[in-house]
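Here is the structure we will look at, set down as structure tokens.
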Amino acid sequence: MNCIEIQAVLNDYVDGELAPAETARVETHLVGCAGCRAQVGSLRNLVSAAAALPKEIAPNHDLWPEVGLALRAGLNSSANLQELRPLRRSSPTVHWLLPLAAAASIVYLATFSRPPIAPAAINAQSWTVASLEGAPRVGRRSFSGQAQLHVGQWVETDGTSRAKLASSSIGEVSVEPNSRLRLTTARSTDHTLQLAQGKMSAFIWAPPRLFFVDTPAARAIDLGCAYTMTVADNGDGELHVTLGYVALEHGGRESIIPAHAKCVTRRGFGPGTPFADDAPEPLRAALTRFDFVRGAASRALKEILAQARPEDAVTLWHLLARTQGTVLAEVFDKLAEMHRPPAGVTRAGILAGDATMRQAWGRALGIGTF
Amino acid sequence: MTYVDRVAAPFAIVVTEAPDAEADVIRRAQARDMRAFERLYRAHVPRVYAVCIRMTANVTRAEELTQKTFVTVWEKLPLFRGESAFTSWLHRVAVNTVLADLRAEHRRTQRVFTTEDPAIFETPPSAPPAGTRMDLEQAIAGLPPQARAVFVLHDVEGWQHNEIAEQLGVAIGTTKAQLHRARKLLQEALQ
């Protein structure tokens, strides 16, 4: 074999794909040819380096919210999910699944729900409301099929009725028994419901910060999600997020609630500190005292820190903004012990109240997109 | 038994399941338990994303294809019978998703991509900025699309030529020619 013939089989030789006789001929040539030996060495280095590349690379941000949203839509209409492809190449980055979810849900609404709800026009000034059980009311009138809900009108359900609201550009909302809910705005910039009492479940595919729910204790701001909101007779409430994120705001106080977390709201106080939906009862009880019982915060915090598990990072992260001084240092240490802060986030910075660092840590923890 | 091997993000957590635990999670996900499926997603998304980003060299497309892979896995999961490891099956779905996208992209752009003709790979990867050394990942990203796909599948992921040829619908000689050309371009870029 000469050098030209070697070139033709060099890759197969390095990959071990030559027959034994041919391998022997190559190796005979290599013994006397430094140039070909160098080429084999270089090729082997490349192949080894490629094989040693890490087999796992984490995405820059959490892709689950969009995946979950599409799956939830597909649960209602899995046959239609397939038909909706191919997806729009020109859609913005990771939000291609949002229109998919919306479209799938529209098909679902038009096909499977009883009675059928016609998709509303984009940015319509009203929502469609359908009776799921019994005879809910829109304004003063009961209905058993479907109706339009205009801005300013109330939907009311009694102990035996349920309703479903839908807007093709925003999402759908189930209204459970014994609930009162009003549509207060329906504009291209914001759609707002007022939940005065009862329970509603929302599945929202509108872009973040377009859909709001006002309750007596706080405002829920959709950040791309599915969630359930309950409001008791006295105006207190609870939010449970099952997909994506929701922000709760009242009087300058904000809580970010990610999927599988809850947050209690109290009239006059606003949102409490969020907690994992499987958080132990002693932790929840201590949080209630910390958030809503004046003068009890210090002792409650010790109990919270004692009870906190790695899964309770959403709670500890919020406490970074709700404590100061030595107490803040204890919260930092507890959280850092279970979840190392990302690069650039320092103890000194967090203790000094650096919001950028706090947000960076929150992003790393998957608590919010900020 | 479940254990967490990278507790960096409780809501974007990477959880490694012991085999029996993962089998249980898969069963629950097959029964349409979305929370179980999220566990599978979190455990495997870095593996899927690695394939997508290397084969596309484009963050936006890689994110889209990662999401699309998991939507497909959710749809097909009831058909998964466990004859192969879940990770292998998932990996196949990811690769198929990327290759389908590459074919669609090719059709969209109407580029002449005669896979029997390796001469189309003559353009070497773009040179790095002066004073910096191109690393292997950058050099792979600079390869022409189909050469990059073959190189990633063969040299990074360890696929055999017959498997790659079958997936791409070309002859084994073609995938070999593409691989050799890709290696040559990479060696030139890394010099």
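Per chain, numbering begins at 1; letters A, B, ... match sequence-line order. Quick caveat, the model's predicted, so the values are computed rather than measured.
A salt bridge does not link B:D33 with B:R27: none of the charged nitrogens is closer than 4.0 Å to a carboxylate oxygen.
Relative to the six-membered ring of A:W317, A:R363 misses at least one condition, a distance below 6.0 Å or an angle of at most 45° to the axis.
Of the residues considered (A:S48, A:A49, A:P59), A:P59 shows the highest number of contacts with chain B, using heavy-atom pairs under 4.5 Å. Across A:D15, A:V47, A:N60, the residue that shares the most heavy-atom pairs under 4.5 angstrom with chain B is A:D15. Of the residues considered (A:I57, A:L243, A:T242), A:I57 shows the highest number of contacts with chain B, using heavy-atom pairs under 4.5 Å.
Residues A:R284 and A:A276 share a closest heavy-atom pair of NH2-O, 4.2 Å.
For A:L10, no part sits under 4.5 Å from any heavy atom of chain B, backbone or side chain. Contacts between A:P341 and chain B at a heavy-atom distance below 4.5 Å are absent for every atom of the residue.
Tested against B:F37 for a ring-ring contact (aromatic ring centres under 6.0 Å, His included), the candidates B:F80, B:W74, B:F86 yield a single pass: B:W74.
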>> salt bridge (charged side-chain N to carboxylate O under 4.0 Å, His left out) for A:K55 and B:E157? Distances and angles first, verdict last.
In response: CA-CA 8 Å; A:K55 298 296 183 288; B:E157 298 293 339; over 6 Å; no
